[in-house]
Protein chains: 2
Amino acid sequence: MPATARPKRSDAVRNEQSLLDAAAAVFVRSGVDAPVREIAREAGVGTGTIYRHFPARADLVVAVFQHQVDSLAAAGDDAVLRDWILQFADFLVTKHGLADAMASDRSGFERLHTEFVVRLEPVCARLLDAEVHAGRVRDDVRPLELMRAVGNLCIGAEGDDGYDARRMIEVLLAGMTSLDRG
Amino acid sequence: MPATARPKRSDAVRNEQSLLDAAAAVFVRSGVDAPVREIAREAGVGTGTIYRHFPARADLVVAVFQHQVDSLAAAGDDAVLRDWILQFADFLVTKHGLADAMASDRSGFERLHTEFVVRLEPVCARLLDAEVHAGRVRDDVRPLELMRAVGNLCIGAEGDDGYDARRMIEVLLAGMTSLDRG
DNA sequence: TTGCAAACGGAACAAAGTTCCGTTTATTCT
DNA sequence: AGAATAAACGGAACTTTGTTCCGTTTGCAA
């Protein structure tokens, strides 16, 4: 129980930043599930160093995209539900493999969904609540479910088969405004 | 170019059936991405034997679920779009890990989506076309996209966080009936 | 400068997909 | 029944990749 926690050594601070920079570059090129060795090589560190700074891959992904998630959360201040959801989808679609990873229960990714959602769900909840109270949106879908559904619809958007995630999300949002629950 | 191809040996025929039975059981217990070794052990054969009969995992998955896919296709003869889509979703949701695998570009699964879709897309196309012509459904969503979206919405349905895939699909279908494309 | 421990690199380990080769087995022909 | 052939086999070897671990290096405080 140290009265004064000793700050990180300078090399550790430097390496953590190197890892973040390297991961950001590798994620663009090879996706968020690029091999650990590729990220380590790009950063010029050993693989053990990655685990020391980021125990699971989700930790690294979250750290790399933290700024953008924060921006997304802040964007909720001036948005209505539909626009914010589309921004959320854009975020997922433009990060190579992120939508898939979000939905994935593969080792290392288990907490990815949770980590992002903790930050973004309150925003979505507020915007959804406003729409529900205005009587514009059905009230049987929870914020979490909506976010998961939107995240799922983003999977495969990078493919070459013309799947348009944005269009399907528009369809889903249209369905959200359907108040007839027959 | 043999004039008469020699039929499979009896042991090969027997082993292929053993593999299908074993895989069906293992998929229920451990999901469609269960380790090859687990399936081989269950079948009482070597791992090489799996690859001889089913070069990629998708081949095995397709073979195991072939009957059910055929039933689903046949069910389209007496169904309207909404009901058939819900049946399609039920199929995906009740097969442990299948929805995820369908959406996945992981090694071995690349062709899974294609294989199933080749069989089911014509059914969906017919049902969707009927609804479009009757003016009940928007006409800007292709059958393939609808099926992919529905498949994606099924991902995570097995989780313990209360995500209700069926409800989100109902929302999507409600959106499909929204003819206002503003 | 010394002592201490944080932090390191990368080998070792584990898991799992896949290939490959010596051996076994089924089948046909005599 | 035995011989010949090749289909089919089992599982070791190989590859890839996630993760741990330990001898060594490095940063920092005294």
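Scope of the values below: all heavy atoms of this structure, side chains included, with no hydrogens, waters or symmetry mates. Here is the naming used below: chain letters follow the sequence lines, and residue numbers restart at 1 for every chain.
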remark   = Residue pairs meeting side chain to side chain donor-acceptor pair (under 3.5 Å), one or both in residues 32-51 of chain B, sequence neighbours left out, come to B:Arg29-B:Glu38, B:Arg29-B:Glu42, B:Ser30-B:Glu38, B:Thr49-B:Arg52
inquiry  = Considering only residues two or more places apart or on different chains, which pairs with a residue in residues 116-128 of chain A satisfy side chain to side chain donor-acceptor pair (under 3.5 Å)?
reply    = A:Asp70-A:Arg119
request  = Would you mind listing the cluster partners of B:Val13? Hydrophobic ones only (ILVMFWY), side-chain contacts under 4.5 Å, chaining allowed.
outcome  = none
Pairwise N/O distances under 3.5 Å, protein to nucleotides 12-15 of chain D:
none

I need the [atom1]-[atom2] distance between [X] and [N], as an integer number of Å.
X	N	atom1	atom2	result
B:Tyr51	D:dG10	OH	P	15 Å
A:Arg41	D:dG18	CZ	P	12 Å
B:Glu38	C:dA14	CD	P	20 Å

request  = Please name all residues satisfying salt bridge (Lys or Arg N to Asp or Glu O under 4.0 Å) with A:Arg57, sequence neighbours left out, ordered by chain then number.
outcome  = none
inquiry  = Run the salt bridge (Lys or Arg N to Asp or Glu O under 4.0 Å) test against B:Asp11 and tell me which residues pass, sequence neighbours left out.
reply    = B:Arg9
request  = Could you tell me which non-hydrogen atom of B:Leu92 sits nearest to which non-hydrogen atom of B:Gly151, and how far apart they are?
outcome  = CD1-CA, 3.5 Å
key: Nearest non-hydrogen partners of A:Ala43 and A:Leu19, listed with the distance   = CB-CD2, 3.8 Å
query = What's the spacing between A:His53 NE2 and A:Leu20 CG if we round to 0.5 Å?
reply = 9.5 Å
note = Within residues 52-63 of chain A, the residues having a heavy atom closer than 4.0 Å to DNA chain C are A:Arg52, A:His53
key: The single option from A:Asp59, A:Asn15, A:Val36 passing side chain to side chain contact (heavy atoms under 4.5 Å, CB included) against A:Ile50   = A:Val36
inquiry  = Near DNA chain D, counting only heavy atoms under 4.0 Å, which residues of residues 15-28 of chain B show up?
reply    = B:Asn15
key: Strand contacts (DNA chain D) in residues 96-104 of chain B, 4.0 angstrom heavy-atom criterion   = none
key: Pairs meeting criterion salt bridge (Lys or Arg N to Asp or Glu O under 4.0 Å) with involvement of residues 93-103 of chain A, two or more places apart   = A:Asp100-A:Arg106
inquiry  = Give me each pair satisfying salt bridge (Lys or Arg N to Asp or Glu O under 4.0 Å) with a member in residues 13-26 of chain B, each pair once, sequence neighbours excluded.
reply    = B:Lys8-B:Glu16
remark   = Scoring nucleotides 24-30 of chain D by protein non-hydrogen atoms under 4.0 Å (B base, S sugar-phosphate only, - none) yields --BSS--
